[in-house]
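First the structure, in the form of structure tokens, and then the observations on it.
Proteins get letters first, then strands, A, B, ... in listed order; numbering begins at 1 in each.
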Number of protein chains: 2
Amino acid sequence: MTTASRRPRTRIQTRNRDAIMAAALDVFAAQGFRGATLDQIAEAAGLSKPNVLYYFPSKEAIHEALLADLMADWLAPLRAIDPAGEPLAEILAYVRAKLAMSRERSRESRLFANEILQGAPRMGPVLAGELRALVAEKAAVIRRWQAEGRIAPVHPVHLIMSVWALTQHYADFEVQVQALIDGDPWEEAERHLMHHFTRVLAP
Amino acid sequence: MTTASRRPRTRIQTRNRDAIMAAALDVFAAQGFRGATLDQIAEAAGLSKPNVLYYFPSKEAIHEALLADLMADWLAPLRAIDPAGEPLAEILAYVRAKLAMSRERSRESRLFANEILQGAPRMGPVLAGELRALVAEKAAVIRRWQAEGRIAPVHPVHLIMSVWALTQHYADFEVQVQALIDGDPWEEAERHLMHHFTRVLAP
DNA sequence: GTCTATAGAAGGATAGAC
DNA sequence: GTCTATCCTTCTATAGAC
């Protein structure tokens, strides 16, 4: 209390802060930033509205905290692509990891989709900075693999984006997917995408 | 784009109604339903807010009119797949048409994406009805082509969804795409997707 | 048909008691 | 730390003059 730390210090602070983040993830993912209300977040967190604002200065601040948390984990699978690995196996592992992440963290995926759809008002700099740099780095790796004839010559950046599009689709458009698929969409999706990218990339 | 109305209208009514629809498409696509305000729509349409509500009973009614207009055009390319045509050519033409539509009507794509992301509160029935029926019909066509050995045996429904995911991505995530691609993303995307689906589908 | 003015509700944020 | 009460802004929608 005498120190100006932004981090929660007591157990109760940690617990409530986490509860707010979890509740806000639910609400922002389902309704978008403008559609979400502090009332909804407070109720989902089991707190009063003023108490939520005791932990975060504003609705916007909660949203920003969620997005900041998101990016690190979100890019981990792409970071994990190993230039020294076997090309096709590396990329298929990436697809599998990204699909698993879409499945297990579909709310995060929709939070992100909402942000980008609205023109990335809060994450624009991250896209042009961190994301662009990482994609460029991995695109160079893929290009080298292609020059060595180890995978098919597909535009590397579009290839990476196609992995995003195809995996995130199952999370972001989940309602539509479930209206069209009777079984477990995720099981089918994994088989489909493995087969799909194997055909695209086999040299 | 003309929703055939049952009632005759004067020129000025037609003009204003169209102006409101066009303005609302801009605003809803960029901000989502909750994020959009009647003020923004009225200003973009060059009318006063009460005048907008003279033409439509509510904000919700404008949104519904846009979604209703959208679906017919949106499904046209899928409908156009010809069971009597050459399989690979038919599907590639579908991909090309869908990509062109994403490019030329990216606001409509984002309007739709917003609606699905939020759980399709207004279009749920259309997904489970009209869309599901059309997809089932075309999936049957694809399955027949596969049984005849004319294209590769890829899950037909996931194949159709992958066309959506890969084409709509360029519209819905346009900000992100532009942060990563230096040239004209759409030109590159067309080459990429033609190559991509040719490899996936060649028997 | 179009406008000004405003009602009425909802939502973000604050005050202050405990 | 948490709550009740409330302020103030924003937003949808309506009233009513012209």
What is the distance, rounded to the nearest whole Å, between atom CZ of Arg11(B) and atom C1' of dG1(C)? 15 Å
Rounded to whole Å, CD1 of Ile20(B) lies from P of dG1(C) at a distance of 12 Å
Round to a whole Å and report the spacing from CD of Gln31(A) to P of dG12(C). 12 Å
Between Asn16(A) and dT2(D), is there a contact of a side-chain N or O with OP1 or OP2 at under 4.0 Å? yes
Got a salt bridge between Glu64(B) and Arg122(B), using NZ or NE/NH1/NH2 to carboxylate O under 4.0 Å? no
Pair Lys49(B) + Asp39(B): basic N to acidic O under 4.0 Å: yes
OP1 or OP2 of dA5(D) sitting under 4.0 Å from any side-chain N/O of Ser48(A)? no
Using a 4.0 Å heavy-atom cut-off, does Ala36(A) contact any base of the nucleic acid, only the sugar-phosphate backbone, or nothing at all? sugar-phosphate
Output the rounded distance in Å from CD1 (Ile62(B)) to P (dA13(D)). 9 Å
Arg34(A) vs dT10(D): side-chain N/O to OP1/OP2 distance below 4.0 Å: no
Indicate, with a heavy-atom threshold strictly under 4.0 Å, whether Tyr55(A) touches base, sugar-phosphate, or nothing. sugar-phosphate
In terms of side-chain geometry, is the basic nitrogen of Arg79(B) or Asp73(B) positioned less than 4.0 Å from the acidic oxygen of its partner? no
Which nucleotide in dT2(D), dA13(D), dA13(C) has an atom nearest any side-chain atom of Lys59(B): dA13(D)
dC3(D) phosphate, OP1 or OP2: any side-chain N/O from Tyr54(A) under 4.0 angstrom? no
Measure from the side chain of Pro50(A), starting at C-beta and using heavy atoms only, and say which of dT12(D), dA5(D), dT2(C) lies closest. dA5(D)
Keeping Lys59(A) on the side-chain end and Ala36(A) on the backbone end, is there a donor-acceptor pair under 3.5 Å? yes
Starting at atom CZ of Phe56(B), determine the distance to atom P of dT14(D), rounded to an integer number of angstrom. 15 Å
Could you tell me how far apart Asp39(A) (CG) and dA5(D) (P) are, to the nearest whole angstrom? 15 Å
Quick check: on DNA chain C, is the nucleotide nearest Leu47(B) upstream (toward 5') of the one nearest Gly35(A), or the reverse? Name the residue that is more 5'. Leu47(B)
Can you check whether Asn51(A) has a side-chain N or O nearer than 4.0 Å to OP1 or OP2 of dG1(D)? no
How many Å lie between CZ on Phe28(B) and C1' on dT12(D), as a whole number? 12 Å
In this structure, how many angstroms lie between the P atom of dT14(D) and the NZ atom of Lys49(B), rounded? 12 Å
Sugar-phosphate, base or nothing in reach of Leu53(B), heavy atoms under 4.0 Å: base
Do any N or O atoms from the side chain of Arg107(A) and from the backbone of Asp26(A) form a donor-acceptor pair under 3.5 angstrom? no
